[in-house]
Q: 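Got a structure for you, questions after.
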Amino acid sequence: MPKLKSQPTLKDFQQYITEMEIERGFDQQSARDKCLLMGEEVGELFKAVRKAEGLAIDQHSKFENLSGELADIFIYLCAIANRYEVNLEEAFRQKEIINEKRVWKQAE
């Protein structure tokens, strides 16, 4: 059983997901498979947000709580990044360098 450090870095999470997938037999799923599965989880997150916001939802809808759905999406995000050998922390930092230079304004 893989163990996650008590104060893990993003790289630690990615390594944990790699080990967890091997242990649970999910390591043979393709990036496409993971994207489709993550898409389902995003839908469940939307339902959880609807519930949290007091909007009407189908009483038979299946989803966890908001934090559980976010965790599921994070797991799939790490798994997809791992399939392409993307270091998410490094990718985040590089993307923020680009984003800091952007100028944001409200649509008219």
Side-chain angles (χ1 to χ4, degrees):
M1 180 88 183
K3 298 287 183 207
L4 189 59
K5 294 179 183 179
S6 62
Q7 294 191 4
T9 64
L10 196 42
K11 186 174 183 177
D12 294 331
F13 279 106
Q14 285 189 252
Q15 181 59 40
Y16 174 85
I17 297 301
T18 296
E19 294 170 13
M20 177 271 295
E21 286 195 306
I22 292 168
E23 181 178 278
R24 298 180 189 173
F26 300 141
D27 57 312
Q28 297 304 310
Q29 293 174 328
S30 69
R32 181 190 64 201
D33 295 339
K34 294 297 183 184
C35 286
L36 293 170
L37 290 164
M38 186 168 79
E40 290 178 15
E41 295 300 335
V42 169
E44 292 175 11
L45 171 64
F46 292 168
K47 289 177 186 176
V49 169
R50 286 177 60 179
K51 182 178 181 182
E53 293 293 319
L55 298 172
I57 57 171
D58 178 357
Q59 64 182 357
H60 301 294
S61 290
K62 294 181 181 179
F63 58 91
E64 291 182 33
N65 56 41
L66 191 68
S67 60
E69 299 307 340
L70 286 167
D72 286 340
I73 291 166
F74 179 70
I75 291 166
Y76 285 118
L77 175 66
C78 288
I80 294 164
N82 290 346
R83 302 269 182 307
Y84 293 106
E85 299 180 5
V86 172
N87 177 319
L88 284 172
E89 181 180 352
E90 186 178 301
F92 177 85
R93 291 181 186 282
Q94 289 176 1
K95 184 62 177 181
E96 273 303 286
I97 290 170
I98 295 167
N99 287 342
E100 288 172 354
K101 296 174 185 171
R102 290 183 169 168
V103 177
W104 304 95
K105 75 175 214 174
Q106 295 292 324
E108 296 177 13

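Model, not experiment: these values are computed from the prediction.
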Q: Run the side-chain contact (heavy atoms from CB on, under 4.5 Å) test against Q94 and tell me which residues pass, sequence neighbours left out.
A: E90

Q: Got more than 12 heavy atoms from elsewhere within 6.0 Å of CD, E85?
A: no

Q: Using residues 66-83 as the side-chain source, report each donor-acceptor pair under 3.5 Å to any protein atom, sequence neighbours left out, with the distance given to one decimal.
A:
residue	atom	partner	partner atom	Å
S67	OG	N65	OD1	2.9
E69	OE2	E64	N	2.4
N82	OD1	Q14	NE2	2.8
N82	ND2	Q14	O	2.9
N82	ND2	T18	OG1	3.0
N82	ND2	C78	O	3.3
R83	NE	Q29	O	2.7
R83	NH1	E21	OE1	2.9
R83	NH1	A79	O	3.1
R83	NH2	E21	OE1	3.3
R83	NH2	E21	OE2	3.2
R83	NH2	F26	O	3.3
R83	NH2	Q29	O	3.1

Q: Tell me the salt bridge (Lys or Arg N to Asp or Glu O under 4.0 Å) pairs involving residues 38-56, sequence neighbours left out?
A: none

Q: Would you compute the distance between atom CG of L45 and atom CE of M38 and round it to the nearest 0.5 angstrom?
A: 11.0 Å

Q: Give, for atom CZ of F92 and atom NZ of K95, the distance between the pair rounded to the nearest 0.5 Å.
A: 11.5 Å

Q: Once salt bridge (Lys or Arg N to Asp or Glu O under 4.0 Å) is applied, what residue pairs with a partner in residues 98-108 remain, sequence neighbours excluded?
A: K105-E108

Q: Starting from M20, can I reach V86 by hopping between I/L/V/M/F/W/Y residues whose side chains sit under 4.5 Å apart?
A: yes

Q: Test of understanding: clusters of I, L, V, M, F, W, Y form through side-chain heavy atoms closer than 4.5 Å, transitively. Do L36 and I17 belong to the same one?
A: no

Q: When clusters are formed by joining ILVMFWY residues with side-chain heavy atoms under 4.5 Å apart, either directly or through shared neighbours, do Y84 and L10 land in the same one?
A: yes

Q: If every non-hydrogen atom of Y16 is compared with every non-hydrogen atom of L4, which pair is closest and at what distance?
A: CB-CD1, 3.7 Å

Q: S30: what forms a side-chain contact (heavy atoms from CB on, under 4.5 Å) with it, not counting sequence neighbours?
A: R32, D33

Q: Using the test side-chain hydrogen bond (donor to acceptor under 3.5 Å, both in side chains), find all partners of E23 that sit at least two apart in sequence or belong to another chain.
A: none

Q: Just checking, is any N or O donor in the side chain of D12 or Q15 under 3.5 Å from an acceptor N or O on the other one?
A: no

